[in-house]
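A short worksheet on the structure shown next.
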Amino acid sequence: MPLHGVTRLGYVHARVTDLAAAKSHYGTTLGLYPVHEETGRAYYKGWDEWDHHSVVLEEGGVGLVKLGYKTNDAADIDVIERNAQNFGVTVERMSASENLETSDGIRMITPSEHVIEIYHSMKTVGVEVGTHNPEVFPRHLVGVGAPRIDHALITADDVNLMDKFFHDVMGFYAAERVVATLDPDAMMIGTWMSAGNTVHDIAVIKGPQGKLHHFAFNLLDWSEIKRAGQLFAMDDVPIDVGPTQHGITRGETIYFFDPSGNRNEVFSGGYVAYPDRPTVNWTPEQLGKGIFYIQRELNERFTTVLT
């Protein structure tokens with residue numbers, strides 16, 4: 001029986017001030033594979049991603065242009081469109097020609113004023129190691145050699161409404177939340193939500209409308225996180241926090257900035273999530289431990305720098 005609904009985060013489309021500097025960061029330091037370039041835009045994928053691209057860099061500013069989420073089936077587009085209309089957000093159809101090598105679908109403006117696109121297919125180009133008796137990783141990785149995009153974190157004035165939007169419209173469930181109190185109707189300060197079994201495909205925290213906190217790339221384990229940190233030192237990449245571990249999600253992490261000031265993350269670990277797993281709730285007095293489990297405190301830059 002086929003699965004239905006959103007499968008995963010498919011692409012992050014971000015603005016950068018200097019495309020040449022961004023290409024060096026994402027292509028040489030992070031080791032993403034360049035797949036296409038046109039005037040003012042560059043497209044990348046990780047070595048273990050089979051779709052045409054997962055990162056689009058667009059010259060002209062900073063921050064998020066849009067997020068793309070892939071469904072398992074074309075029919076899911078209609079379901080999500082109806083859900084969005086019932087929820088009351090702006091939704092429109094998009095044609096296959098609007099995004100490179102990507103199917104038709106829908107485009108929504110979320111209550112937080114972010115743009116989310118839902119599509120059902122993208123041109124398959126294959127993973128670097130192939131699918132016939134493959135090796136476990138490519139022999140000639142560049143830089144960090146990030147295998148795939150993992151998640152994004154955005155900010156919103158009303159986190160409760162965004163939690164409801166992702167649940168009611170897109171079928172996500174909350175793996176973890178930060179709540180003002182343990183009352184079921186309490187104001188949320190943050191929500192970490194999943195479409196499948198990863199610990200989060202999207203996270204939303206309290207903050208200005210329409211802003212990006214970070215987007216993240218998955219790594220295998222703690223040793224790869226440490227190696228990424230060593231490469232960031234070699235390439236003078238500005239570090240925000242880490243290497244360290246989260247209490248929320250249990251993931252291991254480094255936060256850092258691209259040359260335009262967009263925050264990135266390399267993330268490993270976490271736990272396997274299920275829709276019937278009880279949601280973990282954190283309260284504000286333990287937020288430092290929740291975000292940075294080892295240091296147990298937040299730095300000002302982490303909570304204030306957004307793009």
Side-chain angles (χ1 to χ4, degrees), residues 8-16 22 25-27 29-32 44-46 48-49 54-57 62-64 67 114 143-155 175-176 178 190-194 198-205 207 211-233 235-271 273 287-288 290-295 298-307:
R8 57 181 167 82
L9 175 64
Y11 54 81
V12 173
H13 186 152
R15 296 183 185 90
V16 295
H25 173 80
Y26 290 95
T29 299
L30 282 171
L32 301 178
Y44 289 87
K45 67 180 287 293
D48 210 21
E49 294 174 319
S54 61
V55 174
V56 184
L57 306 174
V62 294
L64 192 64
L67 299 173
H114 294 89
V144 173
R148 64 177 177 88
I149 197 81
D150 192 87
H151 66 267
L153 192 157
I154 56 178
T155 61
E176 306 206 21
V178 178
T191 183
W192 284 254
M193 304 190 76
S194 177
T198 61
V199 71
H200 59 332
D201 292 284
I202 188 70
V204 185
I205 60 172
K211 292 296 185 179
L212 171 70
H213 186 276
H214 71 270
F215 57 98
F217 300 91
N218 182 266
L219 297 181
L220 180 63
D221 56 25
W222 178 252
S223 66
E224 290 198 358
I225 295 288
K226 182 183 76 171
R227 179 177 175 275
Q230 294 165 335
L231 287 162
F232 297 156
D235 290 352
D236 295 320
V237 174
I239 301 298
D240 187 8
V241 181
T244 188
Q245 184 176 22
H246 295 304
I248 298 170
T249 76
R250 304 180 194 161
E252 299 144 347
T253 179
I254 302 175
Y255 288 98
F256 54 102
F257 295 99
D258 75 8
S260 300
N262 295 308
R263 185 186 282 102
N264 299 151
E265 180 188 18
V266 285
F267 178 92
S268 71
Y271 55 84
L287 186 56
I291 301 296
F292 298 124
Y293 185 79
I294 298 172
Q295 293 89 343
L298 299 174
N299 67 41
E300 181 182 3
R301 182 174 57 241
F302 188 80
T303 57
T304 60
V305 175
L306 307 166
T307 55

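Judged by distance alone, with hydrogens and angles left aside, the side-chain atoms of E176 form a donor-acceptor pair with the main-chain N or O of T249 at under 3.5 Å. Side-chain atoms of T303 come within 3.5 Å of backbone atoms of E300 as a donor-acceptor pair (strictly under, hydrogens ignored). Side-chain atoms of E49 do not come within 3.5 Å of backbone N or O of K45 as any donor-acceptor pair. Remark: the backbone N or O of S223 is paired with a side-chain donor or acceptor of D221 at under 3.5 angstrom. Side chain of N262 to backbone of G63: a donor-acceptor contact under 3.5 angstrom is found.
Proximity of R263 to V305: side-chain heavy atoms (C-beta onward) are separated by under 4.5 Å at one or more points. Two residues are said to be in side-chain contact when any heavy atoms from C-beta on lie closer than 4.5 Å; F292 and L298 meet this criterion. In this structure, the side chains of F217 and V12 stay at 4.5 Å or more apart for every pair of heavy atoms. With contacts defined as side-chain heavy-atom distances shorter than 4.5 Å, the pair L219/P147 qualifies. Between L64 and F215, every side-chain heavy-atom pair lies at or beyond the 4.5 Å cut-off. A 4.5 Å side-chain heavy-atom check between L67 and I202 finds at least one atom pair inside the cut-off.
The side chain to side chain donor-acceptor pair (under 3.5 Å) test applied to R15 returns no partner, not counting sequence neighbours. Partners of H246 according to the side chain to side chain donor-acceptor pair (under 3.5 Å) rule, which considers only residues two or more places apart in sequence or in another chain, are Y255, E265.
Considering all non-hydrogen atoms of both residues, L9 and H151 come closest at CD2-CA, 3.7 Å. Here the closest heavy-atom approach between residue V144 and residue L231 is recorded as N-CD1, 3.6 Å. In terms of heavy atoms, R301 sits closest to I239 at NH2-O, 3.7 Å. P243 and I225 get closest at one heavy-atom pair: CB-CG2, 4.1 Å. Closest non-hydrogen pair, L57 versus A22, comes out as CD1-CB, 4.0 Å.
Neither side chain, S268 nor E224, offers a donor N or O lying under 3.5 Å from an acceptor on the other.
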| task | Show the numbers, then the answer: is there a ring-ring contact (aromatic ring centres under 6.0 Å, His included) between F267 and H214? | result | CA-CA 12 Å; F267 178 92; H214 71 270; 8.8 Å; no

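Ring orientation note: the planes of F302 and H213 are nearly perpendicular, at an angle over 60° on the 30°/60° scale.
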